[in-house]
2 protein chains.
Amino acid sequence: MTTTNSLTYDDLGSAAQRDRRRRILDATIALASKGGFDAVQMRAVAEQADVALGTLYRYFPSKIHLLVSALARQFDDTGAVVGRRPVPGDTPSERVIYVLRRATRGMQGDANLTEALTRAFMFADASVATEIHVVGMQLTTMLTRSIKGDAYVEGEQPSDEDVAISRVISDVWLSALVSWVTGRATAEEVAEHIETAVTLVLR
Amino acid sequence: MTTTNSLTYDDLGSAAQRDRRRRILDATIALASKGGFDAVQMRAVAEQADVALGTLYRYFPSKIHLLVSALARQFDDTGAVVGRRPVPGDTPSERVIYVLRRATRGMQGDANLTEALTRAFMFADASVATEIHVVGMQLTTMLTRSIKGDAYVEGEQPSDEDVAISRVISDVWLSALVSWVTGRATAEEVAEHIETAVTLVLR
DNA sequence: GGCATAATAGAAACACGTTACAGTTACGAA
DNA sequence: TTCGTAACTGTAACGTGTTTCTATTATGCC
């Protein structure tokens, strides 16, 4: 290799490096899914991914980077599934609520993983801004697409208002998620709160 | 003393114990104000408060409890000051934006302290639900009062819709604050985002 | 193939939250 | 006052995120 490689993004590095990165993220997801944030221990990740601790830190400069990158990959993997089909529902509210209910249920189905990823997301500082921005864009895309429904056209920029609405919904969703993963709200309360907010913003 | 004492709440314990608790919280605020979350190190707090490390843990079972308790005391101290005067502004949006701008500016005036307290708040789990609920109620009261403006009547319950709106605004505010303390957004972006959200929700 | 350089392994060490514990002090009860 | 118990001190130790360092291995270039 002729240039120093940050290894931070998907498509860089040799095949062996891409495979190491994949193994590391696999191990991260597996450990998070089994025991949550605390179970994602750097030594354990390194061992399970079959890389040295120093190598792990070469790929991901902190536990937070690691978890947020894992979150981004999860979004990539499942976002593609959600992406194609039209969102059911006759109004923006119905469509957004449908999508969020699906997403929330998915996350609640793996509480430990959600706890790990959410905590990392909330603790991330400026050095993780790039990864966070990726997740934010994915969320915004998902929501603006749901708002437009059939009127959505591939590649078209969403309106400023739709983006603003999406950001508000994202904020509410994130707050609700934090309440839930920290045990301060039940799944039902989260669902109810989100639906109230969506109908409020999209009336 | 005849009974074991949790020391978790303000009015328990001897004078010497109340004084220790005060010194601990003073040291916490001072360290947080100087260097943020990372600077609030338990050994440093203990030393500055002139108590042993074990004693610090006897009073506050974790760093998070310590910081959230410090936040609660800050709210107690400053909350009374804000409470009485009517909120200026002719529309709900104007009043809410005024109040939030004031509060945000206050927090941004002590960035390190805000960072420390916000991080603790986001990391708090169910064991601090009581203190967190208190803060949430104070926020809701502040916002519903701002929405109603002159129409506000002491002791009257706010409408369900006003409460829902307040919760959405709280969520947006908290998310914005997290973005700011983690260095992912500037103060201007925070102000702009909040105002966009408020006008959206209160149209 | 042989060399220069980057990447990796492996292990030790450090930082800070947290726990454990032995000795000492404060304080109410008898 | 003396005693018994709980609180406090001081310190060591542990767990986990992070850093550092040396030896080894892989990789691109001639």
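Each chain gets a letter, A, B and so on, in the order its sequence line appears, and its residues count up from 1. Values below: every heavy atom of this structure, side chains too, minus hydrogens, waters and symmetry copies. Here the structure is a predicted model, which means the values were calculated and not measured.
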Please output the side-chain donor-acceptor pairs of residues 39-52 of chain A that fall under 3.5 Å, not counting sequence neighbours, one pair per line with the distance.
unit_1, atom_1, unit_2, atom_2, d
Gln41(A), NE2, Asp38(A), O, 3.4

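When the C1' atom of dT8(C) is taken as reference, atom CZ of Arg21(A) falls 18 Å away, rounded to whole Å. Between the CG atom of Leu56(A) and the P atom of dA9(C) there is a distance of 10 Å, given to the nearest Å. Whole-Å rounding puts the Tyr59(B) OH to dC8(D) C1' distance at 9 Å. One interatomic measurement links the two molecules: CZ of Phe60(A) to P of dT18(D), which rounds to 13 Å at whole-angstrom precision. One can place CD of Glu47(A) at 16 Å from C1' of dG17(D), the figure rounded to the nearest angstrom. Atom CZ in Arg58(A) sits roughly 14 Å away from atom P in dT20(D) (whole-Å rounding).
Residue-to-nucleotide proximity on DNA chain D shows that, of Thr55(B) and Arg20(A), the 5′-proximal contact is made by Thr55(B).
For the pair Arg105(B) and Tyr98(B), the cation does not sit on the ring face, since its NZ or CZ is not both under 6.0 Å from the ring centre and inside 45° of the axis. A cation-pi geometry, defined here as NZ or CZ lying under 6.0 Å from the six-membered ring centre and within 45° of its normal, holds between Lys63(A) and Phe37(A). At least one cation-pi condition fails for Arg73(A) and Phe60(A): the charged atom is not both under 6.0 angstrom from the six-membered ring centre and inside a 45 degree cone around its axis. Cation-pi contact between Arg20(A) and Tyr59(A): absent, since separation from the ring centre below 6.0 Å together with deviation from the ring axis within 45° is not met.
In this structure, a donor-acceptor pair under 3.5 Å is present between the side chains of Trp173(A) and Thr104(A).
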Next on the checklist: What does the B/S/- profile of nucleotides 12-26 of chain C look like, 5' to 3', with a 4.0 Å heavy-atom cutoff to protein?
Outcome noted: -B--BBBB-------

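A donor-acceptor distance shorter than 3.5 angstrom exists from the side chain of Thr114(B) to the backbone of Met107(B), with no hydrogens or angles considered.
Of the residues in residues 112-129 of chain A, none lies under 4.0 Å from DNA chain D by heavy-atom distance.
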Item to check | salt bridge (charged side-chain N to carboxylate O under 4.0 Å, His left out) between Arg23(B) and Asp26(B), worked out | outcome: CA-CA 5 Å; Arg23(B) 292 204 310 273; Asp26(B) 287 347; over 6 Å; no

